[in-house]
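To keep things clear, I will list the structure first and then write my remarks on it.
Only this structure's heavy atoms are used, side chains among them; waters, hydrogens and symmetry mates stay out. Labels below follow one simple rule: chain letters A, B, ... track the order of the sequence lines, proteins then strands, and each chain is numbered from 1.
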2 protein chains.
Amino acid sequence: MNTATDVDRVFAALADATRRDIVRRAIDGEEGVAELADHYPMSFAAVQKHVAVLERAGLVTKQRIGRRKVVRTNLAGLRVARRLMDQYEELWRGRIDRMTDLIADTKETHA
Amino acid sequence: MNTATDVDRVFAALADATRRDIVRRAIDGEEGVAELADHYPMSFAAVQKHVAVLERAGLVTKQRIGRRKVVRTNLAGLRVARRLMDQYEELWRGRIDRMTDLIADTKETHA
DNA sequence: CATTGATACAACCATACGGTTGTATGGAAT
DNA sequence: ATTCCATACAACCGTATGGTTGTATCAATG
């Protein structure tokens, strides 16, 4: 019932192999939705929905070119998730440092 | 070698604010499931399920200590997802390089 | 303007997910 | 052995998700 946050949407969007593959393909930014759909064993409508999910998550953008809409991945969207994981790693390093300090303190105490 | 469903599970696990917060808290690796549950406005069972999801995704581990099971985040699990996004970024850089080369070629052709 | 190609969207179905309560298991403490 | 605390798990409920088909929009072309 809670409205999903931006981060929720980014991770949820990446939690599907088809969508991750669309992100990969759309890095080149040359294919429209129908062209993308040709790569997958599902209907056009299904792929169109996947692209919509990625778009709502800010992971791809669509640009009208002629009668098609070309799908392009949006690097900034990916960085949202990456930054979060970098932060976790940062916290982890902090924990190690704290433990190291603790050991150092213990040594001093016992010196 | 990671099957696609492993990656699915990691991203899906991170697509929930409560679970991300558990990952953050479990970096310190001191709280059991019940202690974690106290931080959230939901039942113990709900939190226990969230921890189970994180465990299946390889994002946390549990260790028996006394009568509790202490939850610890597993940095390696996070890196699975991070590596994938690094790869996307790599591809992106490749695309830029290719475009740059193309422009360079054009210049040469017109020289 | 009628047609065709590419995309969007609605309705529907099956399954997965996030939450609940209730019950069972496993160590600690008495 | 009994009690108590912490954890696990099953059954259930409402909603979200991933897929389908069918219809509507919109832009290029005859």
Side-chain angles (χ1 to χ4, degrees), chain A residues 1-23 25-26 28-73, chain B residues 3-23 25-26 28-73:
Chain A
M1 189 189 106
N2 271 337
T3 53
T5 70
D6 288 338
V7 182
D8 285 352
R9 275 189 285 269
V10 170
F11 280 119
L14 290 173
D16 179 285
T18 302
R19 285 197 291 262
R20 286 195 302 275
D21 197 65
I22 292 175
V23 166
R25 290 199 128 97
D28 291 331
E30 291 177 354
E31 298 186 297
V33 183
E35 289 158 306
L36 283 170
D38 283 340
H39 302 299
Y40 310 104
M42 66 186 72
S43 67
F44 167 84
V47 173
Q48 196 265 329
K49 271 190 177 183
H50 280 309
V51 172
V53 169
L54 290 168
E55 197 178 14
R56 253 175 273 127
L59 286 170
V60 305
T61 59
K62 281 181 283 189
Q63 189 200 353
R64 185 130 241 150
I65 292 192
R67 55 175 83 183
R68 299 177 314 149
K69 279 205 177 174
V70 166
V71 182
R72 295 207 168 88
T73 83
Chain B
T3 134
T5 58
D6 280 340
V7 182
D8 285 356
R9 276 190 283 268
V10 171
F11 280 119
L14 290 173
D16 180 285
T18 302
R19 285 196 293 262
R20 286 194 304 275
D21 197 65
I22 291 174
V23 167
R25 289 198 130 98
D28 292 331
E30 292 177 356
E31 298 186 298
V33 183
E35 289 157 307
L36 284 170
D38 282 339
H39 301 299
Y40 310 104
M42 66 187 72
S43 68
F44 168 83
V47 173
Q48 196 264 330
K49 270 190 177 184
H50 280 309
V51 172
V53 169
L54 289 168
E55 197 178 15
R56 255 176 272 127
L59 286 170
V60 306
T61 59
K62 279 182 285 191
Q63 190 199 353
R64 218 192 175 115
I65 292 191
R67 56 174 86 181
R68 300 175 315 147
K69 281 205 177 174
V70 166
V71 182
R72 295 208 170 88
T73 83

N/O donor-acceptor pair under 3.5 Å between A/Thr5 side chain and A/Asp8 backbone = yes
Can you tabulate the close N/O pairs, meaning under 3.5 Å, that link protein atoms to atoms of nucleotides 3-6 of chain C?
residue : atom : partner : partner atom : Å
C/dG5   : O4'  : A/Arg67 : NH1          : 2.5

Whole-Å distance separating the CG atom of A/Leu54 from the P atom of C/dA8 = 13 Å
In whole angstroms, the gap separating C1' of D/dG18 from NE2 of A/His50 amounts to 6 Å
To the nearest Å, give me how far apart CD1 (B/Ile22) and P (D/dT7) are.
-> 12 Å
Taking only residues two or more places apart in sequence, or in another chain, which ones meet B/Lys62 in a side chain to side chain donor-acceptor pair (under 3.5 Å)?
-> B/Glu55
Pairing residues for B/Arg67 by the side chain to side chain donor-acceptor pair (under 3.5 Å) criterion, not counting sequence neighbours = none
Taking for each residue the nucleotide of DNA chain D with the nearest heavy atom, is it B/Glu35 or A/Ala46 whose nucleotide lies nearer the 5' end?
-> B/Glu35
For each nucleotide in nucleotides 12-17 of chain C, reading 5' to 3', give B when a protein heavy atom comes within less than 4.0 Å of its base, S when such contact involves only the sugar-phosphate, and - otherwise.
-> ------
Donor-acceptor under 3.5 Å (B/Arg19 side chain, B/Leu14 main chain) | no
N/O (side chain, B/Gln48) to phosphate O (OP1/OP2, D/dT7) under 4.0 Å = no
Integer-rounded Å distance: D/dT17 C1' and A/Arg56 CZ = 11 Å
Atom CD of A/Gln63 and atom C1' of D/dA27: how far apart are they, to the nearest Å?
-> 15 Å
Rounded to the nearest Å, what distance is computed from the CZ atom of residue B/Arg20 to the P atom of nucleotide C/dG18?
-> 12 Å
Looking only at side-chain N and O atoms, does A/Ser43 come under 4.0 Å of OP1 or OP2 in D/dT20?
-> yes
Can you list the residues that meet the side chain to side chain contact (heavy atoms under 4.5 Å, CB included) rule with B/Ala52, with sequence neighbours excluded?
-> B/Arg56
B/Glu35 meets the side chain to side chain donor-acceptor pair (under 3.5 Å) criterion, sequence neighbours left out, with B/Arg68
Residue whose nearest DNA chain D nucleotide is more 5′ - B/Glu55 or A/Gly66 = B/Glu55
Got a sec, which residues hit side chain to side chain donor-acceptor pair (under 3.5 Å) with B/Arg25, two or more places apart in sequence or on another chain?
-> B/Asp21, B/His39
Which whole-number value in Å describes the distance from B/Asp16 CG to D/dA16 C1'?
-> 13 Å
Rounded interatomic separation in angstrom, taking CD1 from A/Ile65 and C1' from D/dC26 | 17 Å
Would you indicate what A/Ala52 reaches in the nucleic acid, counting non-hydrogen atoms under 4.0 angstrom: base, sugar-phosphate, or nothing?
-> nothing
Under 3.5 Å, side-chain donor or acceptor atoms of residues 42-49 of chain B against the rest of the protein: list the pairs with distances, not counting sequence neighbours.
residue : atom : partner : partner atom : Å
B/Ser43 : OG   : B/Ala46 : N            : 3.1

Could you tell me which residues satisfy side chain to side chain contact (heavy atoms under 4.5 Å, CB included) with B/Ala12, sequence neighbours excluded, listed by chain and number?
-> A/Ala15
